[in-house]
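To start, the structure under review is shown below, and the notes come after it.
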Amino acid sequence: MLKLGDYNTLRIVKRVDFGLYLDGGDEGEILMPKRYCTPQMQIGDEVEVFIYLDQDERVVGTTEKPFAKVGEFACLEVAWTNQYGAFLKWGLMKDLFCPFREQKQRMVQGHRYIVYVKEDEESHRLMATAKVEKYLSPLMLSKDEADNESPEQQKPAQERLVHGDAVDCLIWQKTDLGFKAIINNKYQGQLYDNQIFRQLFTGDRLTAYVDHIRQDGKIDLMLQPTGRKHTLDFAEVLLRYLHENDGFCDLGDKSPAELIADRFKVSKKAYKKAIGDLYRRRLITISDEGIRLT
């Protein structure tokens, strides 16, 4: 079945002057315009294409890759606006429409917004909505946890996340506590200021780590993994830094956390653990001036 707003692998069935026709099954033949075709594409070959509606509302295929497909979140820039809404740059020739009813505030040309890409239920056109909260789910209980709940509290089992798990993270918006984030394209998370040791901006994509899962299903995050492995990983980074900087670093275990975070993008706690690890391995000496390779 053809998936609008998503990637489909379709077979080439016909070549014409203005492109290639692909077998769309029940939807009939789908045009892939000439600009996306290559000489290597032959009748009978299968190609992966993104299916969407062009300026004339025709179903077409493209080898271009949008910044997000249906069911995904992205930070998109407003290309232009009119009396109906805003049109967002999303990596394809046709901009993605966000009507006024789907905006939380009037979108401004040149500004970027976190949006969710969806198919309109009435018109079946692809569109964006800035009301992303509607499309975020609380993290449901795992089966083991659900077994300990009363029947009226139980929820269906879902993705299992525990403390320390790495997750994909889209920075959503600044708050008084830190930053809201969208996790694994599904869940709402929070990065607190005391866990942030680098500059973050709305739209940044990064790997974060689960710190705590709250009763409401929202997830507290941290930017660094915990445990011995993280200490060893950063210890090797610090050791490489020393080798590349004449064997010396002017930041010691008493240096301000802000300076450590600015240079190495880690917390002071992680930095001190790495220093301790290198010292126990007799690779460095520690003084009031900093640390030095032995």
Inter- and intrachain pairs under salt bridge (Lys or Arg N to Asp or Glu O under 4.0 Å), touching residues 109-121, at least two apart
R101-D120, E102-K118

Got a sec, which pairs hit salt bridge (Lys or Arg N to Asp or Glu O under 4.0 Å) with one end in residues 60-78, sequence neighbours left out?
D6-K69, E48-K65, E77-K89

For residues 12-24, which side-chain N or O atoms pair as donor and acceptor with protein atoms under 3.5 Å away, sequence neighbours left out?
| residue | atom | partner | partner atom | Å |
| --- | --- | --- | --- | --- |
| K14 | NZ | E29 | OE1 | 3.3 |
| R15 | NH2 | M41 | O | 2.4 |
| D23 | OD1 | G25 | N | 3.0 |

Donor-acceptor under 3.5 Å ([X] side chain, [Y] main chain):
X: D216; Y: K218; value: yes
X: Y113; Y: Q103; value: no
X: D253; Y: K272; value: no
X: Q42; Y: P39; value: yes

Count I, L, V, M, F, W, Y as connected when their side-chain heavy atoms are under 4.5 Å apart, and connections chain through other members. Are [X] and [Y] then in the same cluster?
X: L238; Y: F248; value: no
X: Y7; Y: W90; value: yes
X: L126; Y: M107; value: yes
X: M93; Y: F67; value: yes
X: Y187; Y: V117; value: no

Between side-chain atoms of residues 79-87 and protein atoms elsewhere (two or more places apart, or another chain), which donor-acceptor pairs fall under 3.5 Å?
| residue | atom | partner | partner atom | Å |
| --- | --- | --- | --- | --- |
| W80 | NE1 | D95 | OD2 | 3.0 |
| N82 | OD1 | Y84 | N | 2.8 |
| N82 | OD1 | G85 | N | 3.2 |

Taking atom NZ of K34 as the centre, report whether more than 12 heavy atoms of other residues, nucleotides or ligands fall under 6.0 Å from it.
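No - once you tally the heavy atoms of other residues, nucleotides and ligands closer than 6.0 Å, there are 12 at most.
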
Over 12 foreign heavy atoms within 6.0 Å of CZ, F97
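Result for CZ/F97: enclosed.
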
Measuring only between side-chain heavy atoms, which start at C-beta, is H212 closer than 4.5 Å to H163?
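No. Closest side-chain heavy atoms not under 4.5 Å.
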
Can you sort out the partners of [X] under side chain to side chain contact (heavy atoms under 4.5 Å, CB included), two or more places apart, ordered by chain and number?
X: P256; answer: E258, L259
X: L293; answer: L239, L242, H243, I284
X: Q199; answer: F201
X: N245; answer: Y241

Salt-bridged, [X] to [Y], with N to O below 4.0 Å?
X: K180; Y: E133; answer: no
X: D277; Y: K273; answer: no
X: D220; Y: R214; answer: yes
X: K174; Y: D193; answer: yes

To the nearest 0.5 Å, tell me how far I219 CD1 sits from Q188 CD.
9.5 Å

OG1 of T129 to NZ of K134: how many Å apart, nearest 0.5 Å?
6.0 Å

Could you walk me through whether L200 and L206 satisfy the side chain to side chain contact (heavy atoms under 4.5 Å, CB included) test, starting with their C-alpha distance in whole Å, then the side-chain angles of each, then the deciding distance to 0.1 Å, before giving a yes or no?
CA-CA 10 Å; L200 294 178; L206 47 88; 3.6 Å; yes

Review item, side-chain donor-acceptor pairs of residues 50-57, under 3.5 Å, at least two apart:
| residue | atom | partner | partner atom | Å |
| --- | --- | --- | --- | --- |
| D54 | OD1 | D56 | N | 2.9 |
| D54 | OD1 | E57 | N | 3.2 |
| D54 | OD1 | R58 | N | 2.9 |
| D54 | OD2 | R58 | NE | 2.9 |
| D54 | OD2 | R58 | NH2 | 2.8 |
| E57 | OE2 | K94 | NZ | 3.4 |

Might you point out which heavy atoms bring [X] and [Y] nearest each other, and give the distance in Å?
X: I183; Y: V167; value: CG2-CB, 3.6 Å
X: A130; Y: K104; value: O-CD, 3.0 Å
X: T175; Y: F179; value: OG1-N, 4.2 Å
X: L88; Y: A128; value: CD1-CB, 3.8 Å
X: A181; Y: L221; value: CB-CD1, 4.0 Å
X: A257; Y: K268; value: CB-CB, 3.9 Å

Members other than [X] in its cluster, when Ile, Leu, Val, Met, Phe, Trp, Tyr link by side-chain heavy atoms under 4.5 Å?
X: M127; result: none
X: V132; result: F73, I114, Y116, Y135, L136, L170, W172, I182
X: V162; result: none

